[in-house]
Amino acid sequence: FEKTKSHIRIFCRNLDPKVYDEADLIKAATAAIGRIRVEILVQEKISEESAFVSLVKDAKNPDGSPVLLNVGPAPEKIRAIKQNFTSVDERAYRFEADRENFKAVASANSPQIATALNYLFMKMKAIVAPTPALPLESLVPGGWHTHQAAQYQSGSGVCAGQGGARTAGGGHGAKPATRLIHNKPAPLCGSPLNAAEP
């Protein structure tokens, strides 16, 4: 949490207090929530008595979206995934190949893997907490809003146009966006979600 600049996305079994209730983690998460985008997706029902759960359960991101996307249980095809992971800024990651043994690999500078994990998270988020379709007027010049741009930049696509994403009111001399380019890194092998789009 401490070194995260933009966002951190956590996909885990149930926010096990043995892992998430560590004092240093609580302190770092408290400082991060509200400063960066934090999104947490769980597979199974969470413990209501966890200090970390108490911190994130009603917490909001800077754009007002929830930090905790669900309290479990998730749909079966998401519960069936044996891997757990964290993706940070589409650059760093932590990955558990088997959630049963708490052994993980991690890297602070592996953008290709971190981006793939981020994409997998966004696919699962679309199943558990679907976002309503954006109205057409929000995608044309004069109707682009920064929170909508953030949604696309956060994993579902990249806004591209004459000078980049349009900010609210066209600030900083940004020119109107002309199209959305879908940003899809190769998904991880072995995931039940690879078979079909949500």
Side-chain angles (χ1 to χ4, degrees), residues 1-90 92-107 113-132 147 150-151 154-156 187-188 190-194 198:
F1 282 98
E2 292 175 343
K3 297 182 180 180
T4 305
K5 296 179 180 178
S6 172
H7 63 265
I8 181 168
R9 294 188 170 100
I10 299 170
F11 173 65
C12 65
R13 189 174 193 169
N14 58 5
L15 293 175
D16 189 336
K18 293 195 295 290
V19 176
Y20 287 92
D21 279 5
E22 292 288 332
D24 289 345
L25 181 59
I26 296 286
K27 181 180 178 181
T30 300
I33 292 172
R35 176 181 66 85
I36 61 169
R37 171 175 284 276
V38 180
E39 292 184 311
I40 302 170
L41 183 62
V42 296
Q43 295 171 290
E44 299 175 1
K45 187 172 175 58
I46 58 176
S47 170
E48 297 288 342
E49 298 177 6
S50 160
F52 186 83
V53 169
S54 296
L55 172 66
V56 302
K57 188 172 181 183
D58 297 314
K60 301 292 183 185
N61 284 305
D63 66 354
S65 64
V67 168
L68 186 61
L69 299 176
N70 69 327
V71 294
E76 175 57 34
K77 68 178 180 176
I78 292 178
R79 293 200 311 273
I81 297 173
K82 300 300 183 185
Q83 302 84 15
N84 283 176
F85 62 84
T86 299
S87 172
V88 181
D89 293 337
E90 296 186 1
Y93 74 92
R94 181 181 184 277
F95 182 81
E96 290 180 2
D98 182 357
R99 65 189 183 193
E100 301 293 342
N101 62 26
F102 297 107
K103 291 183 179 179
V105 294
S107 173
I113 295 174
T115 300
L117 290 171
N118 185 70
Y119 172 63
L120 180 58
F121 185 97
M122 297 305 287
K123 287 183 73 173
M124 293 187 292
K125 177 183 174 181
I127 295 170
V128 172
T131 302
H147 76 279
Q151 287 179 341
S154 66
S156 58
L188 297 177
S191 167
L193 297 177
N194 289 349

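When a residue number appears, it is its place in the shown sequence, counting from 1.
- The side-chain contact (heavy atoms from CB on, under 4.5 Å) search around Pro62 returns none, not counting sequence neighbours.
- Take Glu49 and apply the side-chain hydrogen bond (donor to acceptor under 3.5 Å, both in side chains) test, not counting sequence neighbours, and it matches no residue.
- Here the closest heavy-atom approach between residue Phe52 and residue Tyr20 is recorded as CB-O, 3.4 Å.
- A donor-acceptor contact shorter than 3.5 Å links the side chain of Asn70 to the backbone of Val42.
- Annotation: Asn101, atom CG; neighbour count of heavy atoms from other residues, nucleotides and ligands within 6.0 Å is above 12.
- Of the possible donor and acceptor atoms, none in the side chain of Arg9 sits under 3.5 Å from a partner among the backbone N and O of Tyr119.
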For this session: Please assess Leu69 against Phe121 for the test side-chain contact (heavy atoms from CB on, under 4.5 Å), listing each intermediate value before the final yes or no.
Result: CA-CA 11 Å; Leu69 299 176; Phe121 185 97; 3.9 Å; yes
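- Rounding to the nearest 0.5 angstrom, the gap separating the CG atom in Asp21 from the CG atom in Asp16 is 8.5 Å.
- Distance CD/Gln43 to CZ/Phe11: 3.5 Å, rounded to 0.5 Å.
- A donor-acceptor contact shorter than 3.5 Å links the side chain of Asp89 to the backbone of Lys5.
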For this session: Give the C-alpha distance, both sets of side-chain angles, the deciding distance and a yes or no for side chain to side chain donor-acceptor pair (under 3.5 Å) between Arg35 and Thr4.
Result: CA-CA 10 Å; Arg35 176 181 66 85; Thr4 305; 5.6 Å; no
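- Annotation: the span from Gln83 atom CD to Leu117 atom CG amounts to 9.5 Å, rounded to 0.5 Å.
- Taking the side chain as every heavy atom from C-beta outward, Arg79 and Arg13 never approach each other to under 4.5 Å.
- Remark: Lys82 does not engage Glu96 in a salt bridge, criterion side-chain N to carboxylate O under 4.0 Å.
- With contacts defined as side-chain heavy-atom distances shorter than 4.5 Å, the pair His7/Asn118 qualifies.
- Annotation: side chain of Glu39 is in contact with side chain of Lys125 (closest heavy-atom distance under 4.5 Å).
- In this structure, the side chain of Ser87 engages the main chain of Ala114 through a donor-acceptor pair within 3.5 Å.
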Exercise. Passes side-chain contact (heavy atoms from CB on, under 4.5 Å), Ile33 versus Thr30? Steps please.
Worked result: CA-CA 6 Å; Ile33 292 172; Thr30 300; over 6 Å; no
Exercise. Yes or no on side-chain contact (heavy atoms from CB on, under 4.5 Å) for Val56 and Ile40, after CA distance, side-chain angles and deciding distance?
Worked result: CA-CA 9 Å; Val56 302; Ile40 302 170; 4.0 Å; yes
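- Here the straight-line distance linking atom CD of Glu48 with atom CD1 of Ile46 works out to 5.0 Å at 0.5 Å rounding.
- In this structure, CD1 on Ile10 lies 4.5 Å from CD1 on Ile8, to the nearest 0.5 angstrom.
- Each of Asn84, Leu41, Val19, Thr86 was compared with Cys12 under the side-chain contact (heavy atoms from CB on, under 4.5 Å) criterion, and only Asn84 meets it.
- By the 4.5 Å heavy-atom criterion applied to side chains, Arg94 and Val105 are not counted as neighbours.
- Taking each heavy atom of Ala59 and Leu55 in turn, the nearest pair found is CB-O, 3.5 Å.
- Here the shortest heavy-atom pairing between Val128 and Pro75 reads CG2-CD, 3.8 Å.
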For this session: Evaluate the side-chain contact (heavy atoms from CB on, under 4.5 Å) criterion for residues Arg99 and Ile81: first the C-alpha distance (whole Å), next the side-chain angles of each, then the deciding distance (0.1 Å), finally the verdict.
Result: CA-CA 9 Å; Arg99 65 189 183 193; Ile81 297 173; 5.9 Å; no
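- Using a distance-only test at 3.5 Å, with no hydrogens or angles considered, a donor-acceptor pair links the side chain of Asp98 to the main chain of Glu100.
- Side-chain contact between Val88 and Tyr93: absent, with no pair of heavy atoms (C-beta onward) separated by less than 4.5 Å.
- Ser54 contributes a side-chain N or O that, together with a main-chain N or O of Ser50, makes up a donor-acceptor pair within less than 3.5 Å.
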